[in-house]
Amino acid sequence: QVQLVESGGGLVQSGGSLRLSCTASGLTLRDYTMAWFRQVPGKGREFVAAISSGGIWTSYADSVKGRFTISRVNAKNTVYLQMNSLNPEDTAVYSCAADRGTVVRAVDYEYDYWGQGTQVTVSS
């Protein structure tokens, strides 16, 4: 079956950096648009970034533009999220998602598969 497994979360001070990884199994990653979303307790999922299947097109939420970078290595079935200049407002559970479509989308209901998420906590 399809599995998306995130890693790389943790506790970091404000201004620090983290790199999240999402490794897929049970699917061929190059056939999927991939995205990262985040969620805090009591709120809905928030779009963070997405990347097209070939890695050419990317999209970012305004709140992370210029600080976060999404990338992928299809040969490794892995997607990354490099997060720099982190601030406490970035604290959330970060999940990766896969969409069989070819359009880069920012809405969670378009995505077919989801990982369990990894906690990112930024202290002030």
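The basis for the numbers below is simple: all heavy atoms, side chains too, and nothing from hydrogens, waters or symmetry mates.
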Any salt bridge (charged side-chain N to carboxylate O under 4.0 Å, His left out) involving residues 88-107? Give me the pairs, sequence neighbours left out, ordered by first then second residue. R38-D90, R67-D90, D99-R105, R105-E110
Could you state the interatomic distance from CH2 (W36) to CZ (R45), rounded to the nearest 0.5 Å? 13.5 Å
Give the C-alpha distance, both sets of side-chain angles, the deciding distance and a yes or no for side chain to side chain contact (heavy atoms under 4.5 Å, CB included) between L81 and T69. CA-CA 6 Å; L81 185 68; T69 303; over 6 Å; no
Under 3.5 Å: donor-acceptor pair, side chain of R72, backbone of S52: yes
Checking D31 now: which residues fulfil side-chain hydrogen bond (donor to acceptor under 3.5 Å, both in side chains) with it, not counting sequence neighbours? none
Which pairs count as disulfide bond (SG atoms under 2.5 Å apart) when at least one residue sits in residues 4-105, sequence neighbours excluded? C22-C96
Which distance, rounded to the nearest 0.5 Å, do you find between the OG of S17 and the CE of M83? 8.5 Å
Which pairs pass disulfide bond (SG atoms under 2.5 Å apart) with one or both residues in residues 30-90, sequence neighbours excluded? none
Can you pull the disulfide bond (SG atoms under 2.5 Å apart) pairs that have at least one residue in residues 59-91, sequence neighbours excluded? none
Suppose we screen for side-chain hydrogen bond (donor to acceptor under 3.5 Å, both in side chains). Which residues come up paired with T78, at least two apart in sequence or across chains? T23
Donor-acceptor contact below 3.5 Å, side chain N74 vs main chain G55: no
Would you sort out whether S63 and E46 count as a side chain to side chain contact (heavy atoms under 4.5 Å, CB included), showing the intermediate values? CA-CA 10 Å; S63 58; E46 177 190 13; 3.6 Å; yes
Transitive ILVMFWY cluster of Y109, excluding itself - 4.5 Å side-chain cut-off: V107
Considering residues at least two apart in sequence or located in another chain, which fulfil the ring-ring contact (aromatic ring centres under 6.0 Å, His included) criterion with Y113? none
Within one Ile-Leu-Val-Met-Phe-Trp-Tyr cluster: Y111 and L4, side-chain cutoff 4.5 Å: no
What about L27 and V79, same hydrophobic cluster or not, with Ile/Leu/Val/Met/Phe/Trp/Tyr joined at side-chain heavy-atom distances under 4.5 Å? yes
Taking T33 for its side chain and G101 for its backbone only, find out whether a donor-acceptor pair lies under 3.5 Å. yes
Which side-chain N or O atoms in residues 117-124 pair as donor and acceptor under 3.5 Å with protein atoms at least two apart or in another chain?
residue, atom, partner, partner atom, Å
T118, OG1, G9, N, 3.3
Q119, NE2, A92, O, 3.4
Q119, NE2, T121, OG1, 3.3

Just jot down the side-chain hydrogen bond (donor to acceptor under 3.5 Å, both in side chains) partners of E6, sequence neighbours excluded, or say none. none
For Q82, give me all partners under side-chain hydrogen bond (donor to acceptor under 3.5 Å, both in side chains), at least two apart in sequence or on another chain. N84
Would a hydrophobic clustering, with Ile, Leu, Val, Met, Phe, Trp and Tyr connected at side-chain separations under 4.5 Å, put L29 with V2? yes
Cluster overlap W114 with V93, hydrophobic side-chain contacts below 4.5 Å: no
If you count heavy atoms of other groups shown closer than 6.0 angstrom to NZ of K43, is the number above 12? no
Filter on ring-ring contact (aromatic ring centres under 6.0 Å, His included), then keep only pairs touching residues 44-91, sequence neighbours left out; what's left? F37-F47
